[in-house]
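First up is the structure itself, then whatever we jot down about it.
Side-chain atoms are counted along with the backbone in the values below, which use heavy atoms only and exclude waters and symmetry mates.
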Amino acid sequence: MFFVFGPSGQMLRGGAEQLSRVTAVRRVQRPQALRSSAVEARGAEAFELQPPATPQAQSPPPSPPDSAFGSLRALGGISAYQQTDKPAPVRQPLTLVRDVMTEGALTLPLGTSVKEAWGMLAEHGISQAPVVDALGRVVGLLLRADMVPLELLPSPGSVPAAVARAKRLVDEVMVSPVATVSPDTALRSVASALMDTGLPGLPVTNELGLPEGFITRTDILRAVAADPPLDLWT
C-alpha cells in the first residue's frame with residue numbers, strides 16, 4: 001500500500017500505479033554525491049600516516065605442556081560436534097518492505113535550516129531524510145542534491161547564492177507532497193515506484209503518516225546480493 005502525504009495530510013491511498021495521479025509528486029533527477037567539509041576532514045584524519053611503531057624485542061612464549069595441547073584438541077572436537085548437532089536456521093524469503101527497510105531512520109522537523117539539515121545528513125552518512133510536522137507525521141522528503149544544486153557550483157558568482165540557500169528552511173527545499181509506503185508492501189511494487197519517481201528511497205509509514213522506517217534502492221540491492229533468498233515475484 002502506498003500513500004501520498006503533504007502539509008495538509010494524506011492525499012492518496014492506493015497502489016503504485018496511482019502515484020501518477022498526484023501531479024505534484026514529481027520525478028526527480030538522480031541525486032549527486034556531495035560531501036560536507038566535516039566528513040572530508042574525518043576522512044583525511046582516517047588516512048593520516050602514522051609513524052611506524054618501534055618493534056620491541058620479546059622473548060618467545062613458553063611452550064605449553066602436552067596436557068594443554070590435549071585439552072585444546074578435546075575442546076575443539078567437542079565444539080565441532082555441538083555445531084553439527086544444531087539444525088541450520090530456516091531462511092525465509094524476503095518479500096515485503098519490512099524485511100529490508102531501515103527501522104528508526106533519521107527524520108527532520110519542519111523549520112530546520114538547510115545548513116543544520118546538511119550537517120545531520122552528513123553525520124548519519126545518508127543523502128535523504130523524511131521531513132515531519134509537529135505531530136511527527138511525514139510531510140515531505142529532503143534530498144541532499146536539492147540542498148546544493150550543482151548549477152550553483154563552481155561559478156564565481158555562486159557563493160552568495162549558495163549562502164542564501166543554506167539559510168533557507170527545509171520547508172522550502174523538500175519534495176512535497178511525497179509518496180510513502182507501508183511496511184507490508186511487496187518489494188516488487190516498491191522497486192517499480194522508485195523507478196517511476198526517480199527517488200532514491202521512500203519513507204515507510206502507517207496510514208496516519210507516522211514514520212516506521214525508510215527503504216532505499218541500496219536496501220533492495222543489498223537484499224539481492226545477500227545470503228537470504230529474495231523473492232520479488234510472489
Residues forming a side-chain hydrogen bond (donor to acceptor under 3.5 Å, both in side chains) with Arg137, sequence neighbours excluded:
Asp133
Please tell me if the side chains of Val204 and Arg98 come closer than 4.5 Å, counting only heavy atoms from C-beta onward.
no
Student check: side-chain heavy atoms of Val132 and Val139 closer than 4.5 Å:
no
Thr185 and Ser182 side chains, donor-acceptor separation under 3.5 Å:
yes
Only counting residues at least two apart or in another chain, list the ones meeting side-chain hydrogen bond (donor to acceptor under 3.5 Å, both in side chains) with Asp99.
none
Identify the heavy atoms of Asp171 and Thr112 that sit nearest to each other, and give their distance.
OD1-N, 4.5 Å
Going by the rule side-chain hydrogen bond (donor to acceptor under 3.5 Å, both in side chains), which residues pair with Thr216 if we only count those two or more places apart in sequence or in a different chain?
Asp219
Connecting only ILVMFWY residues whose side-chain heavy atoms lie within less than 4.5 Å of each other, what is the rest of Leu210's hydrophobic cluster?
Leu208
Would you indicate whether the side-chain heavy atoms of Val97 and Leu202 approach each other to under 4.5 Å?
no
Pairing residues for Gln10 by the side-chain hydrogen bond (donor to acceptor under 3.5 Å, both in side chains) criterion, not counting sequence neighbours
none
Under a single-linkage rule joining Ile, Leu, Val, Met, Phe, Trp and Tyr whose side-chain heavy atoms are separated by less than 4.5 Å, which residues share a cluster with Leu96?
none
I would like to know whether Ile215 and Ile220 meet side-chain contact (heavy atoms from CB on, under 4.5 Å); could you show each step before the answer?
CA-CA 8 Å; Ile215 183 169; Ile220 298 177; 4.2 Å; yes
Would you say Glu103 and Phe214 make side-chain contact, with heavy atoms under 4.5 Å?
no
With distance as the sole test, does Thr197 use its side chain to make a donor-acceptor pair with the main-chain N or O of Ala193 at under 3.5 Å?
yes
By salt bridge (Lys or Arg N to Asp or Glu O under 4.0 Å), which residues pair with Glu116, not counting sequence neighbours?
none
Can you name the residues that form a ring-ring contact (aromatic ring centres under 6.0 Å, His included) with Phe3, not counting sequence neighbours?
Phe5
Does Leu143 form a side-chain contact (heavy atoms from CB on, under 4.5 Å) with Val175? I'd like the steps, not just the answer.
CA-CA 8 Å; Leu143 302 176; Val175 177; 4.1 Å; yes
